[in-house]
Amino acid sequence: MSNAMLEVRHLRLVRAIAEEGGATRAASRLHLTQSAVSHQLAELEGRLGVALFTRVRRQLVLTAAGERLVEAARTMLGDLARLERELHRAGTRKREVLRLVVECFTSYHWLPPIVARIADEHPHVEVRIVTEATREPVAALLRGQIELALVSSPVRDRELVSTPLFEDEWTVIMAPSHRLASRPHVTAKELGAETLFAHDAPRSDVERLRELIAAERATMPRVVLVPLTDALVELVAAGLGVAIVSRWAIAPWERRGEIVTRRFTREGLAERWSAVYRRDAEPRLPLARLTELLADATFAAPSRRKVSGGRR
DNA sequence: ACAACGCGCATACATCACTC
DNA sequence: GAGTGATGTATGCGCGTTGT
């Protein structure tokens, strides 16, 4: 079958006989019978045309050729074992997966470059975005469905650790030609006369807004729910209404001048984004590095700044 | 279907330790 | 020194697996 004279099994055989001091013990080490070992050895010596052992008394004693072969067998088998471990390690490490979710309905325009960087710097980690968990990132974390969540709402849970990423702003967006675009900020009263597009999400932006407007004793605008950020922004850009969203989520449209952002109320609505993971299952990926990349990616956009400090 | 292969079983043969 | 049992290697033969 094999036209090679010397095979790996022969290396193991000769080494085992030499180290065990006989064919019988070598056989038990190799999980063979003495007969099989003897056959194999005879066959090998026949193929090579040289005696590897001399049969002196009831013993198998290495010849010079045998010594040479055992020495080579040790280094080769050692190399093989090392290679196997290395390949196995590489094979299993490849399967390290970091499942990630972001608590907003953005088009994730900022994420691909970061994922590419991580893949480049940490080839053993595969970052996977789990969009299904967007609506309930904390629940998904606690259920072990994801390893990392990027959230803007505060997280208070004993089992979770939250690392601040950057400050953002909950901001009113509108078409550049919109009548409110000339104002430095938008008041609750002014908003009441508008059509407001909002995400169709359980973490209800609408509820938060309702509270804010009630506090100002203003009327609630007409709300139209939209499932996707892209659609929502396009509706706003077309001048059909306004929306209140996390500013970094709509950065590309703002940069292209398709929409403008205005502060809601004189003080504005600050929002802090954090990376959250389970206390008992910190992602194997260097989280600090991911945080750094995220902060850098968002830092480039206006009115956003890194949050200094570590975990809370 | 056939051939090659690797193995195990049974056994032959060799040597050693021990006893008488 | 002969006899005996334990221990070790060598080999003929047949079987199951595998590749063609």
Side-chain angles (χ1 to χ4, degrees), chain A residues 1-101 111-112 114-133 140 143-148 278 280-286 289-290:
Chain A
M1 192 213 290
S2 157
N3 50 6
M5 277 216 266
L6 208 45
E7 301 167 27
V8 173
R9 67 193 174 100
H10 294 136
L11 300 179
R12 295 195 213 282
L13 177 88
V14 174
R15 186 181 63 169
I17 296 172
E19 288 177 357
E20 296 294 334
T24 304
R25 270 163 299 191
S28 91
R29 167 157 148 186
L30 298 170
H31 304 107
L32 293 172
T33 59
Q34 173 272 323
S35 164
V37 169
S38 183
H39 278 300
Q40 218 178 94
L41 178 60
E43 189 242 18
L44 175 61
E45 288 179 321
R47 279 207 225 177
L48 292 172
V50 63
L52 300 170
F53 296 87
T54 50
R55 281 70 174 168
V56 46
R57 315 255 167 126
R58 297 184 313 179
Q59 288 184 79
L60 293 174
V61 180
L62 280 170
T63 61
E67 289 277 11
R68 176 76 186 85
L69 182 53
V70 169
E71 192 187 324
R74 288 205 180 100
T75 61
M76 285 191 271
L77 291 170
D79 284 348
L80 277 177
R82 232 168 291 123
L83 181 61
E84 278 174 9
R85 281 196 299 275
E86 184 186 318
L87 292 176
H88 181 257
R89 236 179 288 125
T92 51
R93 287 188 80 188
K94 201 73 191 169
R95 273 171 233 122
E96 274 182 37
V97 174
L98 179 86
R99 290 166 298 178
L100 171 72
V101 71
L111 200 48
I114 291 176
V115 170
R117 278 290 281 281
I118 293 287
D120 194 42
E121 292 174 17
H122 305 278
H124 60 288
V125 176
E126 182 191 338
V127 179
R128 200 177 290 166
I129 301 162
V130 183
T131 50
E132 303 89 78
R143 278 197 298 266
Q145 292 170 334
I146 57 172
E147 279 73 42
L148 185 66
R278 288 166 68 115
D280 63 350
E282 181 165 352
R284 274 166 290 191
L285 170 114
R289 181 63 182 137
L290 180 65

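Chain letters run A, B, ... following the sequence lines, proteins first and then strands; every chain starts at 1.
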Peer 1: For the pair A/Val50 and A/Thr63, evaluate side chain to side chain contact (heavy atoms under 4.5 Å, CB included) and give the outcome as yes or no after the intermediate values.
Peer 2: CA-CA 9 Å; A/Val50 63; A/Thr63 61; 5.6 Å; no
Peer 1: Counting only side-chain heavy atoms from C-beta out, which of C/dT7, C/dT11, B/dG6 sits nearest to A/His39?
Peer 2: C/dT11
Peer 1: How long is the line joining CG of A/Leu44 and C1' of B/dC5, in whole Å?
Peer 2: 15 Å
Peer 1: Can you tell me if A/Arg99 uses its side chain to pair, donor with acceptor, with the backbone of A/Gln145 under 3.5 Å?
Peer 2: yes
Peer 1: If I take atom CD in residue A/Gln34 and atom P in nucleotide B/dC13, what distance separates them, rounded to the nearest angstrom?
Peer 2: 16 Å
Peer 1: Using whole Å, what does the distance between atom P of nucleotide C/dT9 and atom CZ of A/Arg25 come to?
Peer 2: 8 Å
Peer 1: Measure from the side chain of A/Leu60, starting at C-beta and using heavy atoms only, and say which of B/dT15, B/dG6, C/dA10 lies closest.
Peer 2: C/dA10
Peer 1: Would you tell me if any nitrogen or oxygen in the side chain of A/Arg55 comes within less than 4.0 Å of OP1 or OP2 on B/dT15?
Peer 2: no
Peer 1: Side chain to side chain contact (heavy atoms under 4.5 Å, CB included) for A/Leu44 and A/Val14? Distances and angles first, verdict last.
Peer 2: CA-CA 10 Å; A/Leu44 175 61; A/Val14 174; 3.8 Å; yes
Peer 1: If you take all heavy atoms of A/Leu32 and A/Gln40, which pair is closest and at what distance?
Peer 2: CD1-NE2, 4.1 Å
Peer 1: Rounded to whole angstrom units, what separation is found between the CD atom of A/Gln40 and the P atom of B/dG8?
Peer 2: 10 Å
Peer 1: Rounded off to whole Å, could you give me the NE2-to-C1' distance for the A/His31 and B/dG6 pair?
Peer 2: 17 Å
Peer 1: Counting only side-chain heavy atoms from C-beta out, which of C/dG12, B/dC7, B/dG6 sits nearest to A/Ala36?
Peer 2: B/dC7
Peer 1: Distance-only, no hydrogens or angles: does the A/Glu45 side chain make a donor-acceptor pair with backbone N or O of A/Phe53 under 3.5 Å?
Peer 2: yes
Peer 1: Looking only at the side chain of A/Ser38 (C-beta and beyond, no hydrogens), which of the listed nucleotides C/dA10, B/dC7, B/dG8 gets closest?
Peer 2: C/dA10
Peer 1: Can you figure out which of B/dC7, C/dT7, B/dC9 approaches the side chain of A/Leu32 most closely?
Peer 2: B/dC7
Peer 1: Under 4.0 Å, counting only non-hydrogen atoms across every strand here, what does A/Gln59 touch: a base, just sugar-phosphate, or nothing?
Peer 2: nothing
Peer 1: If the cut-off is 4.0 Å, is A/Thr24 near the phosphate of C/dT7, judged by side-chain N/O to OP1 or OP2?
Peer 2: no
Peer 1: For A/Ser35 and A/Glu43, find the nucleotide of DNA chain B closest to each by heavy atoms; which residue's nucleotide sits nearer the 5' end?
Peer 2: A/Glu43
Peer 1: Look at the side-chain N and O atoms of A/Arg57 and state whether any lies under 4.0 Å from the OP1 or OP2 oxygen of C/dG8.
Peer 2: no
Peer 1: Looking at B/dG8, B/dT15, B/dG6, which one has an atom nearest to any side-chain atom of A/Arg58?
Peer 2: B/dT15
